[in-house]
Chemist: 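Got a structure for you, written out below as structure tokens; questions coming shortly.
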Amino acid sequence: MLLRNRLFLLLSASPSPKPYPFALSLKTQLVFSTRSQNRRPHATSASKTSKQSQTVSDTARFVRTVLFVPPGVDPDEVTEDMILPGSNIVVGPYAGHSQIKEVEFVKSSGRAKDCPKDDRPEFAILGRSNVGKSSLINALVRKKELALTSKKPGKTQLINHFLVNKSWYIVDLPGYGFAKAPDVARMDWSSFTKGYFLNRESLVSVLLLIDASVPPQKMDLDCANWLGRNNIPLTFVFTKCDKMKVAKGRRPDENIKSFQQLIRENYPHHPPWIMTSSVTGLGRDELLLHMSQLRNYWDQ
Ligand SMILES: Nc1nc2c(ncn2[C@@H]2O[C@H](COP(=O)(O)OP(=O)(O)OP(=O)(O)O)[C@@H](O)[C@H]2O)c(=O)[nH]1
Ligand SMILES: [Mg+2]
């Protein structure tokens, strides 16, 4: 089996979950299930025992269905402090060194077959034009202008490889869904970038960026579905979570919740997700830690 497929199975191992937009509290879940049972009158000691096992099984089900549980972690032993804040991601034994010491631009490629040919693992940053792909890369590597950003959509037009710590790649991709670009900036995303996804053996995971400051967009759901159908592992990275000004009547947390509800309807398995902001640095260290555990599992 392709290593990539092994990772896909891993990332999609949990059945369809309930949508939880924020850091998930096992304690809260326990409180909820205990509260509802406490409404029953005259609890006997036998019913207390069944109450406890009910609570445990509720918790186990919650862990299996809502959280991303990485390899090496027993879902029954997940505790609240193992969950990365602002995400559904559990940290496991493969998480390791995650900080970025050095990064260098390697090359821009116009075609998938022109990409670097070594086997170093890589993460592809994908999302709509203007969602914040280049900004996220700059925030991860803590360099202001490594990847070029712009208020105008369509800035990134090639597959750009950045080598991190001489051992793995971050790949900045052109955005999809930009209809208003001038001809020179418009491209056939389906033949250009899809070729990259379908042929890139060293792709550990796609980070699919979703703008949390706007309501769910059909093209993002279509993209997630396309990746799922093609067995390409993904992590949802919600961007612009700092934009608390209400856009079209919804706050980022409400938009994230709606997006997750739609994913639940359309996507058989719920992948890992995390909230970020390239402006405030929210989620940066957590995302790097998540990437380290995927990478280290891939590398073994
Ligand atoms: N408030 C806020 N603005 C952001 C954030 N991330 C990106 N932006 C802004 O969004 C705009 C687009 O950012 P880019 O990083 O160039 O987006 P991109 O996805 O690389 O765009 P293309 O290369 O055109 O596909 C810029 O004006 C950024 O400053 C964020 O986390 N918060
Ligand atoms: Mg860009």
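All ligand and atom numbering here is 1-based and tracks the order in the structure. Positions are given from 1 along the sequence.
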Chemist: Mark the output for Gly127 as yes if a heavy-atom distance to ligand 1 is under 4.0 Å, and as no if none is.
Modeler: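 The answer is no, since Gly127 has no heavy atom less than 4.0 Å from ligand 1.
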Chemist: Which atoms of ligand 1 are found less than 4.0 Å from any heavy atom of Lys243?
Modeler: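 Atoms satisfying the 4.0 Å criterion: 1 (N).
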Chemist: Using a 4.0 Å cut-off to any heavy atom of Ser135, which atoms of ligand 1 qualify?
Modeler: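 That gives atoms 6 (N), 7 (C), 13 (O), 14 (P), 15 (O), 28 (C) of ligand 1.
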Chemist: Within the 4.0 Å heavy-atom shell around Ser277, which atoms of ligand 1 are there?
Modeler: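 Matching atoms, with element in brackets: 31 (O).
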Chemist: Under 3.5 Å, N or O to N or O, is Asp172 touching ligand 1 that way?
Modeler: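 Checking ligand 1 against Asp172, no N or O pair falls under 3.5 Å apart.
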Chemist: Assess the residue pair Phe123 and Thr235 against the criterion (side chain to side chain contact (heavy atoms under 4.5 Å, CB included)); give the C-alpha distance rounded to whole Å, side-chain angles, the decisive distance to 0.1 Å, and a yes or no.
Modeler: CA-CA 10 Å; Phe123 294 87; Thr235 296; over 6 Å; no
Chemist: Considering Arg128, Lys240, Lys133 one by one, which has a heavy atom nearer to atom 5 (C) of ligand 1 than any of the others?
Modeler: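 Closest candidate by heavy-atom distance is Lys240.
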Chemist: Quick check for you: to the nearest 0.5 Å, what is the distance between Leu207 atom CG and Phe236 atom CZ?
Modeler: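 Going from CG on Leu207 over to CZ on Phe236, the span is 11.5 Å.
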Chemist: Measure the distances from the heavy atoms of Asp242 to every atom of ligand 1 and state whether one is below 4.0 angstrom.
Modeler: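 Right, Asp242 reaches ligand 1.
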Chemist: Would you say the side chain of Trp226 lies within less than 4.5 Å of the side chain of Ile232, judging by non-hydrogen atoms?
Modeler: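 Ile232 reaches Trp226 side chain to side chain.
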Chemist: Determine, step by step, whether Ile159 and Lys107 satisfy the side chain to side chain contact (heavy atoms under 4.5 Å, CB included) criterion, reporting the C-alpha distance in whole Å, the side-chain angles of both residues, the deciding distance to 0.1 Å, and the verdict.
Modeler: CA-CA 8 Å; Ile159 301 171; Lys107 73 179 291 198; over 6 Å; no
Chemist: If I apply the N/O under 3.5 Å rule, does Gly132 come out as touching ligand 1?
Modeler: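 So ligand 1 has an N or O lying under 3.5 Å from an N or O of Gly132.
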Chemist: Around atom NZ of Lys113, are there more than 12 heavy atoms of other residues, nucleotides or ligands at under 6.0 Å?
Modeler: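 No - once you tally the heavy atoms of other residues, nucleotides and ligands closer than 6.0 Å, there are 12 at most.
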Chemist: Would you call Tyr169 and Pro116 a side-chain contact if the rule is heavy atoms closer than 4.5 Å?
Modeler: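 A side-chain contact under 4.5 Å exists here.
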Chemist: Would you mind reporting whether Val103 and Ile170 have side-chain heavy atoms less than 4.5 Å apart?
Modeler: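 SC-SC contact between Ile170 and Val103 ruled out.
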Chemist: Name the option, out of Val279, Ile137, Thr280, that contains the heavy atom nearest to atom 2 (C) of ligand 1.
Modeler: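 Comparing heavy atoms across Val279, Ile137, Thr280, the nearest one to atom 2 (C) of ligand 1 lies in Val279.
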Chemist: Measure from the Mg ion (ligand 2) to each N, O or S atom of Ser135 and report whether any distance is below 2.8 Å.
Modeler: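 Not a single backbone or side-chain N, O or S atom of Ser135 is under 2.8 Å from the Mg ion (ligand 2).
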